Number of protein chains: 2
Amino acid sequence: MHGTRGGYGCDMRGMLSFQIMWLLSKKEMHGEEIAEEIAKRRGSKPKAGTIYPALKSLEENGVITGEKKGKTVVYSLTSEGKRSVKRAVIYFCRSFGEIFEGSS
Amino acid sequence: MHGTRGGYGCDMRGMLSFQIMWLLSKKEMHGEEIAEEIAKRRGSKPKAGTIYPALKSLEENGVITGEKKGKTVVYSLTSEGKRSVKRAVIYFCRSFGEIFEGSS
DNA sequence: TTAAATATATCGCATGTCCTATACTTGCTG
DNA sequence: CAGCAAGTATAGGACATGCGATATATTTAA
């Protein structure tokens, strides 16, 4: 039916590429690892068809790079990516910070 | 070009309908007022072509109702909407909470 | 009354984010 | 070598979120 509303009444999609950048600002990771970190937080793991297009888009945008290491591709932030994620975090906190404040 | 990345390297769209529900959980408001509250937080005001379809979608979903009062249509959460927004806030904080923690 | 501002609403377009399904590569094991 | 599993990748579909443009009704100002 209207699949994307899981009992929340509203669409809770979004901010995937931002969350990926934020995770990579903590530690470099390969695709599957990133998906599992997101699963820990959101409760469900993004599928391959979700995560790899997002990584490709970020790479094309010059904020992450993927380095092939044997079986896996390890992604990390570029120096531009490091600057970008700082700005993104500021924007994110200004936009949604009080939602978090009010529920601790 | 790739319009939606404003120097953040990633797409910062998303969570509009959630943010609307959250705002309405504080105070009932009409469309323009909601747009201005979002502008205060995000830095730019969502246009009419963004905000009204979102309100319509939330109304169709049964989580908000719009009541015509003179010039404006005042929106408020339905009782289902009030329950939904609580669940949505929990999901949101579990998904993104640590991003706020690390930047206070 | 006419004009301007405010509020609501819709259309078309682009793109990100989700999914399922399919397929390829690599490394390991039998 | 053959087969399997893990990881990577793309195609195609659905939908929310953005925009600009356009339109209408109502209120306020000139």
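Quick note on labels: first sequence line is chain A, next is B, and so on, each numbered from 1. What you are looking at is a predicted structure, and each value in this text was computed from that prediction instead of being measured.
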- Task: Could you walk me through whether B:Val85 and B:Val63 pass the side chain to side chain contact (heavy atoms under 4.5 Å, CB included) test, one step at a time?
- Result: CA-CA 9 Å; B:Val85 75; B:Val63 291; over 6 Å; no

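Between B:Tyr91 and A:Tyr8 there is a side-chain heavy-atom pair separated by less than 4.5 Å.
For the pair A:Thr78 (side chain) and A:Gly62 (backbone), a donor-acceptor distance under 3.5 Å is present. For the pair B:Asp11 (side chain) and B:Arg13 (backbone), a donor-acceptor distance under 3.5 Å is present.
Minimum interatomic distance between B:Gly7 and A:Ser84 (heavy atoms only, all atoms of both residues): O-OG, 4.0 Å.
Qualifying salt bridge (charged side-chain N to carboxylate O under 4.0 Å, His left out) partners for A:Glu59, counting only residues two or more places apart in sequence or in other chains: none. Shown here are the salt bridge (charged side-chain N to carboxylate O under 4.0 Å, His left out) partners of B:Glu98, two or more places apart in sequence or in another chain: A:Arg41. In this view, A:Lys40 and A:Glu37 satisfy the side-chain contact (heavy atoms from CB on, under 4.5 Å) rule, not counting sequence neighbours. For B:Tyr52, the ring-ring contact (aromatic ring centres under 6.0 Å, His included) criterion is met by no residue, not counting sequence neighbours.
Within the structure, salt bridge (Lys or Arg N to Asp or Glu O under 4.0 Å) pairs that include any residue of residues 75-92 of chain B do not occur (at least two apart or interchain). Sequence neighbours left out, the pairs with a member in residues 63-79 of chain A that pass salt bridge (Lys or Arg N to Asp or Glu O under 4.0 Å) are A:Glu28-A:Lys69.
If you check residues 83-95 of chain B against DNA chain C, you find no residue with a heavy atom closer than 4.0 Å. A heavy-atom distance below 4.0 Å to DNA chain C is reached by these residues of residues 70-77 of chain B, ordered by number: B:Lys71, B:Thr72, B:Val73, B:Tyr75. Only B:His30, B:Gly31, B:Glu32, listed by number, bring a heavy atom of residues 22-42 of chain B to less than 4.0 angstrom from any atom of DNA chain C.
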Which donor-acceptor pairs under 3.5 Å do side chains of residues 18-27 of chain B form with protein atoms, sequence neighbours excluded?
unit_1  : atom_1 : unit_2  : atom_2 : d
B:Gln19 : OE1    : B:Arg42 : NE     : 2.8
B:Gln19 : OE1    : B:Arg42 : NH2    : 2.9
B:Gln19 : NE2    : A:Ser95 : O      : 3.0
B:Ser25 : OG     : B:Trp22 : O      : 2.6
B:Lys27 : NZ     : B:Glu33 : OE2    : 2.9

Throw together a table of side-chain donor-acceptor distances under 3.5 angstrom for residues 43-51 of chain B, partners on residues two or more places apart or in other chains.
unit_1  : atom_1 : unit_2  : atom_2 : d
B:Lys45 : NZ     : B:Glu32 : OE1    : 3.0
B:Lys47 : NZ     : B:Lys45 : O      : 3.1

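D:dT10 atom P lies 11 Å from atom OH of A:Tyr52, rounded to whole Å. Here the C1' atom of nucleotide D:dG18 and the CD atom of B:Gln19 are 14 Å apart, to the nearest Å. Atom C1' of nucleotide D:dT8 and atom CG of A:Leu55 are separated by 10 Å, given to the nearest angstrom. Look at CG on A:Leu16: it is 15 Å from P on D:dT17, rounded to the nearest Å. Distance, B:Asn61 CG to D:dC15 P: 12 Å, rounded to whole Å. The nearest whole Å value for the distance from the CZ atom in B:Phe18 to the C1' atom in C:dC18 is 18 Å. Rounded to whole Å, atom C1' of C:dT8 lies 13 Å from atom CD1 of B:Ile64. Summarising the geometry, the separation between CE on A:Met12 and C1' on D:dC15 is reported as 16 Å, rounded to the nearest angstrom.
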Distances under 3.5 Å between protein N/O atoms and the N/O atoms of nucleotides 19-22 of chain C, please, pair by pair.
unit_1 : atom_1 : unit_2  : atom_2 : d
C:dC19 : OP2    : A:Lys47 : N      : 3.1
C:dC19 : OP2    : A:Thr50 : OG1    : 3.0
C:dC19 : N4     : A:Gly49 : O      : 2.9

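Phosphate contact (OP1/OP2 of D:dT17, side-chain N/O of B:Ser17, threshold under 4.0 Å): present.
Comparing A:Gly14 and A:Lys68 against DNA chain C, the residue whose closest nucleotide sits nearer the 5' end is A:Gly14.
In this pair, B:Phe100 and B:Phe92 present their aromatic rings tilted. The plane angle is within the 30 to 60° band.
Evaluation of atom-type donor-acceptor distances gives no pair under 3.5 Å for the side chain of A:Arg13 against the base of D:dT17.
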